[in-house]
Amino acid sequence: FVFKEQFLPGWEARLDGKPAPIERWNTAFQAVTVSAGEHRLEFHYRSRALGRGAWISAVALAALLIALMRQPRERAR
């Protein structure tokens, strides 16, 4: 089976509920070898950059909140 999606890290395939190796096809696409018969083939993409970006954003937000809490407040007159 050829899945016409660019071959990139982060893709995982499951064939009948079990992990299946993804092979490079035609230098740019991904393929999974499937025997004859009826099967269930699933592709999932997990972006590593998304997890890193979320972690960096959480750290930046925490730093901003700490900086705002440390600022001296003006007294109302």
Side-chain angles (χ1 to χ4, degrees):
F1 178 78
V2 177
F3 182 47
K4 290 189 176 182
E5 183 66 46
Q6 187 176 5
F7 189 92
L8 293 171
W11 279 101
E12 297 174 354
R14 295 185 75 75
L15 180 61
D16 297 328
K18 297 177 184 172
I22 298 175
E23 302 165 16
R24 194 178 288 262
W25 179 79
N26 201 15
T27 68
F29 301 108
Q30 46 192 340
V32 174
T33 302
V34 179
S35 62
E38 191 171 318
H39 298 280
R40 180 183 175 102
L41 179 62
E42 301 173 32
F43 281 92
H44 299 276
Y45 182 72
R46 293 189 181 170
S47 171
R48 294 177 186 150
L50 181 63
R52 288 183 196 136
W55 186 84
I56 291 169
S57 296
V59 169
L61 179 60
L64 175 65
L65 292 174
I66 290 170
L68 289 175
M69 290 181 352
R70 288 187 170 201
Q71 272 188 338
R73 296 183 184 185
E74 293 183 29
R75 291 185 177 173
R77 292 182 189 191

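Hydrogens, waters and symmetry mates are skipped; everything else that's a heavy atom, side chains included, is used.
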Qualifying residues under salt bridge (Lys or Arg N to Asp or Glu O under 4.0 Å), relative to R40, sequence neighbours excluded | E42

Rounded to the nearest 0.5 Å, how far does CD of E23 lie from CD of Q30?
-> 11.0 Å

CE/M69 to CG/L64 distance, rounded to the nearest 0.5 angstrom?
-> 11.0 Å

Could you check whether the rings of W11 and F43 sit parallel, tilted or perpendicular, using 30° and 60° as the cut-offs?
-> perpendicular

Are L50 and Y45 joined in one hydrophobic group, where the rule is that I, L, V, M, F, W and Y side chains link up if heavy atoms are under 4.5 Å apart?
-> no

What distance do R14 atom CZ and H44 atom NE2 have between them, rounded to the nearest 0.5 Å?
-> 7.0 Å

Please report the closest heavy-atom contact between A20 and V32, naming both atoms and the distance.
-> CB-CG1, 4.0 Å

Starting from I66, walk the hydrophobic network (Ile, Leu, Val, Met, Phe, Trp, Tyr; side-chain heavy atoms closer than 4.5 Å) and list everyone else you reach, by chain and number.
-> none

The side chain to side chain donor-acceptor pair (under 3.5 Å) partners of S57 (sequence neighbours excluded) come to none

